[in-house]
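Beneath this line is the structure, given in structure tokens, with notes to follow.
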Amino acid sequence: MQRRNFLRLGLGAVVLGLAPLSVMAKNYREELPEVWKIKNKSDKPDDLSGINEAIKAIFGTDKVEEGKIELYKTPDIAENGAVVPVNFKTEKASRIALLQNANPEALVAIWDIPELGIPDYGVRIKMAKTGTVVVVAEIDGKLYKASKLVKVTAGGCGG
Amino acid sequence: MKKLIITATALSFAFVSANALQEVAKIDVKDVCKVEKVGAPKALEVAKKYNPEAIKLGVEFKRLGIKNREYIKALEEAIKAKKKETVVKYKSKGKEKTKKFDTNFLAERACKFAVRALQQVNEAEKTWRLAVPGDGFKY
Amino acid sequence: MKKKIIASMIIGSFALLSAGSFNAEAEKDRKALTEYFVKKFADRKNASQYFPYTPKEELDKNFKWGLKPEEFRLGSYAFNKGGRAQYEEIIEMPPYEDAIDEGKELYEKTKFKNGKSFKDCFPKPEIAGDYPKYVKGKGVETLTTAINSCLKENGEKPWKMTKGKMAKLEAYFAAASREAGKKVNIVIDSKEAADAYARGKKEYYSQRGYLKLSCASCHVQGAGQRVRNEYMSPLLGQTTHFPVYRLKWEGLGTLERRLKGCNKDQGENPHKPGSKWMNELAYFMAYMSNGLPVDGPDVRK
Amino acid sequence: MRIKAKSKGDITEVKAVLKHPMLSYDQAKAKGKEPNFIVYINAKVDDKIVYEASTSQFLSKNPFIKFKFKGNHKGKEIVISWIDLKGNKKEGKAKIK
């Protein structure tokens with residue numbers, strides 16, 4: 001059903017398998033349906049076990065080095081957990097995944113970086129509580145990450 | 001000039017019996033609302049007497065999403081039925097909700113809320129200008 | 001004490017009579033309030049006098065000092081750097097833009113059953129800075145109650161005063177006012193209007209609710225202090241940017257919606273939107289921002 | 001859908017807001033509704049993909065995306081499309097300034 005809709009968009013054929021750099025459209029909801037279900041394991045903001053499990057499921061390894069990718073304009077204290085701005089950039093990457101341990105499941109999004117893509121992206125995410133945001137980039141077949149603790153409190157007075 | 005003073009005074013008393021405000025000025029909530037001493041029914045009587053005046057003045061208290069009139073209504077039933085627990089029914093964002101309280105505790109709260117609401121009106125008469133930059137508030 | 005109050009009222013009314021202008025007290029209040037806030041946020045050096053409970057590190061790192069009066073339209077984002085950065089991120093693509101378009105539709109396309117339209121009540125949309133207004137025989141009208149008066153006078157049902165269509169139409173009025181460079185322009189030109197202002201002022205500074213807080217406790221003396229994770233915004237500039245898209249609401253709301261929330265937080269059964277109490281409170285509040293640019297709609301926590 | 005796209009020098013920058021309630025499983029349960037959220041987004045210029053994301057329930061309501069890609073594409077059209085969990089799809093277009 002989803003696939004049919006997807007084709008109707010006229011995006012061309014879906015590439016099966018895990019080609020590292022996709023020239024054609026790739027929907028990870030279909031490619032890797034199980035990774036979206038990986039749970040965070042505890043309430044602790046520094047427990048990254050669920051995140052690491054998801055990283056392994058997406059990239060095939062959880063060997064990740066710090067660096068080469070940067071999280072920026074991502075708050076220390078969120079104005080509101082429903083709208084947390086997250087920005088990240090790296091010089092080049094084939095794939096990037098954004099994860100956190102502030103919600104029941106760990107994975108937020110996966111980007112395939114197209115040929116013309118410049119991996120300097122921003123999104124706004126939901127965080128149900130204080131937690132760590134992790135961004136992982138696949139660069140020349142290796143994984144690099146950046147992480148940041150974002151504090152979330154019940155936001156806003158009155159009404 | 002006189003008229004101005006009269007209007008100012010009349011405003012705050014217009015819709016409420018000045019008596020209630022004068023009465024509460026002499027009341028010590030720790031006496032009249034102390035359930036240990038006066039018992040829950042007496043405390044409720046005090047709440048029932050003054051809360052309607054607070055409503056008229058637009059100063060009724062509300063806590064945990066529950067208006068004092070809702071505390072009082074639930075207390076009336078609980079005290080009549082001699083129940084140790086009072087179940088308060090109230091509305092929050094259009095939804096019917098309930099919350100349980102110890103009856104004695106709640107009677108004291110409802111009483112204090114009713115009296116304090118009116119006492120604060122009296123106090124504000126004397127204090128409000130002290131908070132106004134340029135009037136009584138030095139900065 | 002009482003003597004002092006009476007004395008100051010007498011002085012106040014003398015000034016009123018001799019100047020022949022009914023806004024003398026309001027003007028004096030506005031100037032003092034502005035001066036107070038400018039002083040309070042002037043620099044780090046005097047900060048501990050105004051913010052005795054705020055950790056030093058926070059004053060060093062998270063506060064912007066040297067604020068000009070116009071900057072207070074940003075509320076707590078005027079001084080709170082961390083919040084300001086997120087605010088700026090969000091208004092890169094503000095979540096209220098659709099509401100402005102929908103509000104414009106409501107203004108231009110709504111036809112009343114009697115054939116008239118909003119344009120008959122409000123010939124121009126750039127009117128957000130002119131409200132609340134004292135209307136002879138009616139009392140204070142906020143933009144919200146004025147819109148409902150328009151509906152009722154034309155045989156239509158009034159709208160909900162806190163959100164939805166009301167907030168959208170106001171978003172359009174505010175955006176049009178901002179685009180036209182309009183400023184807050186609250187008029188007090190009669191004895192009745194001055195009395196309404198005085199009542200609003202008194203309510204603003206009166207402690208109420210089980211928490212015994214006045215509006216001023218948080219938004220004059222308390223402005224800039226933090227309660228849990230909430231920086232309290234200054235009264236100056238507070239009404240300039242409504243309606244507001246609040247992250248907490250995930251939607252747009254009117255000034256009335258916000259005031260109701262504030263009143264509830266004081267521990268009081270909140271006064272109703274459209275009530276005389278709320279209209280007069282808003283009249284006082286808006287006067288304090290007289291001369292500041294209209295800056296709605298905007299985004300807040 | 002609101003799209004702002006701008007080419008400056010050799011880089012094109014895009015900001016977009018997609019209209020969607022983004023009801024997560026938890027939110028849906030609390031509201032007694034069915035969960036639904038955008039699961040896939042892409043952007044194309046000249047029929048070529050310039051941005052591609054697979055997304056989850058944890059993007060905020062009315063998701064905001066910001067991205068960059070190579071080349072000056074002034075005057076061309078950018079097309080952003082999305083699909084949600086239930087298979088609904090939407091497309092938005094804007095001229096690159």
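- Looking at Ser24(D), both its backbone and its side chain come within 4.5 Å of chain A, counting heavy atoms on both sides.
- Within residues 120-128 of chain A, the residues having any heavy atom under 4.5 Å from a heavy atom of chain D are, by residue number, Asp120(A), Tyr121(A), Gly122(A), Val123(A), Arg124(A), Ile125(A), Lys126(A).
- Salt-bridge check for Glu13(D) with Lys6(D): failed, with every basic side-chain N at 4.0 Å or more from each acidic carboxylate O.
- Looking at Glu91(A) and Lys68(A), no side-chain N of the basic residue comes within less than 4.0 Å of a carboxylate O on the acidic one, giving no salt bridge.
- Asn101(A) contributes a side-chain N or O that, together with a main-chain N or O of Thr132(A), makes up a donor-acceptor pair within less than 3.5 Å.
- Proximity of a side-chain donor or acceptor of Ser54(D) to a complementary backbone N or O of Tyr28(A) within less than 3.5 Å is detected.
- In this structure, the portion of Lys61(D) lying under 4.5 Å from any heavy atom of chain A is its backbone and not its side chain.
- Residue contact with chain D, scored on non-hydrogen atoms closer than 4.5 Å, involves the side chain of Gln100(A) exclusively.
- Because its NZ or CZ atom is both nearer than 6.0 Å to the ring centre of Trp36(A) and within 45° of the ring axis, Arg29(A) counts as a cation-pi partner of that residue.
- The candidate from Phe69(D), Phe58(D), Phe64(D) with the greatest count of non-hydrogen atom pairs under 4.5 Å with chain A is Phe58(D).
- A donor-acceptor pair is defined here as one N or O able to donate and one able to accept, closer than 3.5 Å; no such pair exists between the side chain of Ser49(A) and the backbone of Lys41(A).
- The pair Glu34(A)-Lys37(A) meets the salt-bridge criterion, since a charged nitrogen lies less than 4.0 angstrom from a carboxylate oxygen.
- Comparing Gly71(D), Ala43(D), Ser56(D) by heavy-atom pairs within less than 4.5 Å of chain A, the highest count is held by Ser56(D).
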Chi angles and distances behind the side-chain contact (heavy atoms from CB on, under 4.5 Å) call for Leu107(A), Ile38(A): CA-CA 8 Å; Leu107(A) 183 56; Ile38(A) 295 171; over 6 Å; no

